Amino acid sequence: MTAILVSLVLLFIAAFAIDLGVQRTARRDMQAVADIVALDMGRLIDGRTRAEIEAGSSTQPSAAEQLSWSVANNDDNTVGDEPDVDAYWVEVAADGSYPQAGGIPVQVGAGQAPNGVVVIAGASVGFAFGGVTGITSADVQRSAVAVAEESACFSIGSYAARLDTSSSALLNPILEGVLGGGINLDVLSYNGIVDADVSLLDLAIDLGLGSVDELLAANVNAGDLLIAAANVLQADGTSDVNVLNLVAAQLGGLTVSLGDLVSAEPGTGAAETATINALDLLAGTVLVANGSSALSIPELAANLPLTGTDLTTSLSIIEKARQRCGKRGGTADTAQVALSVGGTLASLPNVLGLTAAATADIGVNVASARGTLTDIICGSETAADPSGEDVQVTSGVVGASTSVTVDLSGNVLGATVPGLDALASISLSGRVTLTAATGDPSTVRTAEIRVPNNPADWGEAYPLGSGDLGLNTAQVDADWQTGPTVTVKLLGIPIVLSANQTAALLTDVLSALVSSVVDPLLTAVNDSLLRPLFDLLGLNVGGADVFGQRPYCSHSSLVG
């Protein structure tokens, strides 16, 4: 009797255990179905209203079609009856919560755009030991919440956007200086790739890497990277990629991390669809591979259109990363630049009869302009419903200065009033430094990129800035280092000029110096160095040129 009673109790317990195990398995299966279906449904969230999502379009399935397709793909081998799956389009808060009424999710209005979807999956499970326990079946139900994470890419500054004949005169020496002068490039070399964009995913595949995340985290051979870019462009129909192969052959065994040029949050959809301009990739790869951005490029000074100059140049491009992919809050920096040109100015003209000898010191310092992605706008890229992103640009110090130190000596009066040398003479000697400098236009501005119309299409620059950063002679400071010594003689007899007469004489001399020496120098610096350099790097006063890429608006992820 004891054995029989114990066996019945054990049988009853075993029945409960087995049926509870089946129910737990069914709950696990329904959770898996809810998770996967929620991710599939979340891909429909792209800024459209609930009514538009439910109706579908020529490029997107309707909500019902997406739900049926997802359930059919994921209900194999689940325990219990055919799953009953429902989707609710909701507004999900930052903590993953959403409105409910009686345990049922409250959907957004038909004219509102949801940012999340709640999927509830349920099934009925039959129990094998219902005859023993008296319970023949049970219902199981699980839910999942998915949101569409928006991400985008943007960059500040661009070689490609600014490439022209004048800036190639700078880009050539930069690349040749890094490569040790072993390559001869001209503007025609870049024309084939200036408008070409390389897919980061295609680059990863060509290099044998599994994803964009792996590409950005890997150290790769610099030459192999450029050859891979050439392969991708040729496959896309760009045939003129000789410059990539030409430079790749010069890089030898140098390695680079593409993450120094493009930074991205892991797993963001924008990174998987991102591109990088081929010319930006070329220039950035060369600078990164060099390992040190400090360059000595005498060609820059030699190209200045100043007769008889003997100047030396030093150029340093400090920051190399200019592109960022990720969610709101991601940042990217422009190139930081330090440029100095110095040396002797020869063959200067006489200044009011005075012999002039001068040295020049030209300096440019540009701290980074940092861009922060503050908003992502998912639209249909029409005038009524644009797509875009907001990038807040915080400019650092941008400054340029030119100082010219001039040694003067000679007779002023003989030059200004010919024939009076025998009667009177005014001689002047001394050393004066004339300085022209820009101020600090540091500021914060926001690039509100909206496609179409501002700009008209992706890849066009949104300029931030208040004008050219140029030097002018409107305000030139004069600082006499020695002198001035003025000697006046009338019929050989020394006389003393009044203070006003001396000041008027010096004003005339300084004005002549500015017009004949400083002004031509500043014109040459502005036209041949500053404007091409800043155009090349995409820098403006108080800002930078910002380039956006189409946002990725339907990268779904589970939040509950």
Side-chain angles (χ1 to χ4, degrees), residues 42 45-47 92 94 115 147-158 160-161 197-201 203-204 211-218 257-277 280-281 284 288 318-336 367-379 386-396 443-451 455 458-464 537-539 543-557 559:
I45 303 174
D46 54 6
V92 180
N115 73 339
V147 295
E149 292 186 337
E150 300 167 344
S151 58
C153 297
F154 71 95
S155 59
I156 297 181
S158 172
D197 294 320
V198 184
S199 162
L200 296 184
L201 183 58
L203 266 182
S211 67
V212 172
D213 288 344
E214 286 187 44
L215 173 66
L216 298 181
S257 171
L258 192 59
D260 289 337
L261 299 176
V262 181
S263 60
E265 295 180 39
T268 53
E272 295 296 322
T273 60
T275 61
I276 184 171
N277 177 268
D280 291 342
L281 176 64
V288 173
I318 303 164
E319 280 287 350
K320 307 177 185 73
R322 287 178 292 277
Q323 185 163 323
R324 171 71 179 177
C325 295
K327 305 172 187 175
R328 293 172 178 83
T331 62
D333 295 325
T334 65
Q336 296 180 7
S368 66
R370 168 160 293 188
T372 302
L373 183 63
T374 58
D375 198 11
I376 300 171
I377 297 90
C378 294
S387 182
E389 54 194 58
D390 289 351
V391 180
Q392 186 183 77
V393 176
T394 304
S395 301
T443 188
V444 177
R445 292 186 176 89
T446 298
E448 297 179 347
I449 299 171
R450 299 293 184 272
V451 175
W458 299 106
E460 295 181 16
Y462 186 106
L464 286 176
L537 298 174
L539 298 175
D545 282 352
V546 181
F547 299 82
Q549 291 190 30
R550 181 174 287 108
Y552 193 91
C553 297
S554 55
H555 183 70
S556 60
S557 63
V559 295

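Just so it is clear, the values below take in all heavy atoms, side chains as well, and ignore hydrogens, waters and symmetry mates. Everything quoted here is computed from the prediction, not taken from an experiment.
Contact annotation: the side chain of Val451 never approaches that of Pro386 to less than 4.5 Å [non-hydrogen atoms, C-beta and beyond].
Summarising the geometry, atom CD belonging to Glu389 is positioned 10.0 Å from atom SG belonging to Cys378; distances are rounded to the nearest 0.5 Å. Separation of atoms CZ (Phe547) and OG (Ser158) is listed at 4.5 Å; rounding is to 0.5 Å. If you take CD1 on Ile449 and OH on Tyr462, they are separated by 8.0 Å, rounding to the nearest 0.5 Å. Here CG of Leu281 is found 10.0 Å from CD of Gln323. Values are rounded to the nearest 0.5 Å. In this structure, the separation between CG on Leu258 and CG on Leu200 is 6.5 Å, given to the nearest 0.5 Å. Between the CD1 atom of Ile376 and the OG atom of Ser387 there is a distance of 9.5 Å, given to the nearest 0.5 Å.
Here Glu265 pairs with Arg324 in a salt bridge; the nearest charged N to carboxylate O distance falls below 4.0 Å.
Proximity of a side-chain donor or acceptor of Asp280 to a complementary backbone N or O of Ala160 within less than 3.5 Å is detected. Although no hydrogens or angles enter the test, the distance criterion places a donor-acceptor pair under 3.5 Å between the side chain of Gln549 and the main chain of Thr275.
Glu272 meets the side-chain contact (heavy atoms from CB on, under 4.5 Å) test with Leu201, Ser211, Val212; sequence neighbours excluded. Thr372 is linked by a side-chain contact (heavy atoms from CB on, under 4.5 Å) to Thr331, Arg370, Thr374, counting only residues two or more places apart in sequence or in another chain. Checked against side chain to side chain donor-acceptor pair (under 3.5 Å), Ser151 has no partners two or more places apart in sequence or in another chain. Every residue was checked against the side chain to side chain donor-acceptor pair (under 3.5 Å) condition with Asn277, not counting sequence neighbours, and none meets it. Residues satisfying the side chain to side chain donor-acceptor pair (under 3.5 Å) criterion with Glu150, sequence neighbours excluded, are Arg328. Looking at residues two or more places apart in sequence or on another chain, you find no side chain to side chain donor-acceptor pair (under 3.5 Å) involving Asp197.
Here the closest non-hydrogen pair linking Gly284 and Leu261 is CA-CD2, 3.6 Å. Taking each heavy atom of Ile377 and Pro551 in turn, the nearest pair found is O-CG, 4.0 Å. Nearest heavy-atom pair across Phe154 and Gly371 is CZ-O, 3.4 Å. When every heavy atom of Ala270 is checked against every heavy atom of Cys153, the shortest pair comes out as O-SG, 3.7 Å.
No side-chain donor-acceptor contact under 3.5 Å links Asp390 and Thr446.
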